[in-house]
2 protein chains.
Amino acid sequence: MKTKILIVDDEQDIQDVLRFVLEDAGYEVESTGRGDEALALAKAHQPDLVILDIGLPGLSGLDLCPLLVDLSIPVIVLSSHDRDDQIIEGLEVGAEDYVSKPFNLKELLLRIEKIIRRTRGGEAAQLITIGSLVVDLRRQQLFIDGVEINLTPTEYKIIEILAKHAHTPVSSETLLQQVWNADEWIQGTEMVKVNISRLRKKIEADPANPRYLLNRWGYGYLLTNS
Amino acid sequence: MKTKILIVDDEQDIQDVLRFVLEDAGYEVESTGRGDEALALAKAHQPDLVILDIGLPGLSGLDLCPLLVDLSIPVIVLSSHDRDDQIIEGLEVGAEDYVSKPFNLKELLLRIEKIIRRTRGGEAAQLITIGSLVVDLRRQQLFIDGVEINLTPTEYKIIEILAKHAHTPVSSETLLQQVWNADEWIQGTEMVKVNISRLRKKIEADPANPRYLLNRWGYGYLLTNS
DNA sequence: TTGAATTGTTACGATTTTGTAACTTGCGCC
DNA sequence: GGCGCAAGTTACAAAATCGTAACAATTCAA
């Protein structure tokens, strides 16, 4: 899959240059000059990285940046002037990196690559290991002692969330929100219970005395191994 | 635990300034001007971050950087001149970030924080330690001498509140409010009494002569160890 | 269209926690 | 010491939570 980059800059020249260079470097490029459109595009197309000019007309780059960070999309901020306080604003606002215009294209490319490598990381970030449990986030699979366990999509989502909070309990409410996108659902807790039970049948040697998938009374569940 | 930073720069002035600023910001700082010594220090003391001048005499910063990266220690590269090719070299060599001299101190601090947050990300355990008692706020667990104590939700809430006010008494009324959200409840004091009793059975060796969970006559309770 | 896999619902027993009451103990003060 | 009140203990009933089975609905692919 090609890496998608979204360029947000009101200067058409910059857009064109960046697009040319980035496409040449093998990236898939989208671009816009408007802040509000940028947010919509980011939400719709889920780019791997946004290059954002801080001096946008309309919805300012400084306002836009935290919104993008919330979507967990890394941002490189461009500023028109090489002023220290703009650098600082850019970093404070949650940007992954900062480049000031006029910029060296090779430097920009290197910084892009660094961020891409880090975020979609060299498979280290893709595997979560908890004792003899291994969750492969990329393939969406669970292994126990190297043996693949066949999970339904719902079951996998639960495991993934619990694995991301390894050894620490996750509340049933959080599970409901993250797995079913349900903030309030009368039957919700039932659903959690049932699926936990189904999961244990698959991953526990003795489902009645679970070793991995434990309950915290009155709170929720946790994935552990000790 | 304090975050450790290793400064590698042959200019004594820079070393001094950085040490002063970073220590003021709450970091533990070591510094050296020699590249070979830097590597030894990094191996011995496992700093969380290295600030590395690229223009070192002897073992060059450019050579040193990949070695540090191999130890999976993040590096911020400093360069004496604002030359594009040095930036690029710094990034190519695996540095996490690049700052050129003369640098803005606030910017440097922000870049440091960003890297620290990213590398030791998320897992910062919130622990309150009172003698041999340890309250893990994230896992909602209590440990005594490293042994996990099984608490009910109510019991844990009480411990958490008392732990947050370690060594100072908390009134029964405050407990009622914080644990049961009850401003006035006739039977409230009974509830506090009973739960304190239940707690002591779990955490005290001799519940009749408590060592940790003490009473302040006519007022409330406190958690201590002396 | 059929059938298997998945998901959602309901019910119920087992277990654990919580609230209440009765009673005992212990502190502080006269 | 004796009194009053706060604190501690115990036992029991009520309530909440948990685990599981059985069954209905939905989805998806053959």
Legend entry - Touch class at under 4.0 angstrom, heavy-atom based, for B/Arg216 against every strand present: sugar-phosphate
Inset, instruction - Just compare D/dT9, D/dA7, D/dA21 and give me whichever is closest to any side-chain atom of A/Val194. - result: D/dA21
Legend entry - Protein-nucleotide distance (A/Arg198, atom CZ; C/dA5, atom P), rounded to Å: 14 Å
Legend entry - Flag side-chain contact, heavy atom, 4.5 Å: B/Leu22 against B/Ile112: yes
Inset, instruction - State whether A/Trp180 places a side-chain N or O below 4.0 Å from either non-bridging phosphate oxygen (OP1 or OP2) of C/dG8. - result: yes
Inset, instruction - May I ask you to decide whether B/Arg138 forms a salt bridge with B/Asp136, counting only side-chain N to carboxylate O separations under 4.0 Å? - result: no
Inset, instruction - Taking only Lys NZ, Arg NE, NH1 and NH2, and the carboxylate oxygens of Asp or Glu, determine whether B/Lys202 and B/Glu155 approach each other closer than 4.0 Å. - result: yes
Legend entry - Rounded interatomic separation in angstrom, taking CG from B/Asn215 and C1' from D/dC5: 13 Å
Legend entry - Candidate nucleotides C/dT9, D/dA7, D/dG19, ranked by approach to the side chain of A/Met191 - the nearest: C/dT9
Legend entry - Short side-chain N/O contact to D/dC18 OP1/OP2 from A/Ser197, under 4.0 Å: no
Inset, instruction - For the side chain of B/Pro153, starting at C-beta, report the closest nucleotide among C/dT18, D/dT10, D/dA7. - result: C/dT18
Legend entry - Presence of B/Lys201 side-chain N/O under 4.0 Å of D/dT9 phosphate oxygens OP1/OP2: no
Inset, instruction - Using a strict cut-off of less than 4.0 Å between a Lys/Arg side-chain nitrogen and an Asp/Glu carboxylate oxygen, indicate whether B/Lys193 and B/Glu190 qualify as a salt bridge. - result: yes
Inset, instruction - Give a yes/no on whether any side-chain N or O of B/Thr152 is located under 4.0 angstrom from OP1 or OP2 of C/dT16. - result: no
Legend entry - Rounded interatomic separation in angstrom, taking NZ from A/Lys193 and C1' from C/dT7: 16 Å
Legend entry - B/Glu190 side chain, from C-beta outward: closest of C/dC27, C/dA22, C/dT18: C/dA22
Inset, instruction - Would you indicate which nucleotide in C/dC27, D/dT20, D/dC18 comes nearest to any side-chain atom of A/Trp217? - result: D/dC18
Legend entry - Under-4.0 Å side-chain N/O to phosphate OP1/OP2 contact, A/Tyr221 with D/dT17: no
Legend entry - A/Glu155 CD to C/dA5 C1', straight-line distance once rounded to whole Å: 11 Å
Inset, instruction - Answer yes or no: is there a side-chain heavy-atom contact under 4.5 Å between A/Gln177 and A/Ser172? - result: no
Inset, instruction - Using atom OH of B/Tyr219 as one end and atom P of D/dC5 as the other, report the distance to the nearest whole Å. - result: 22 Å
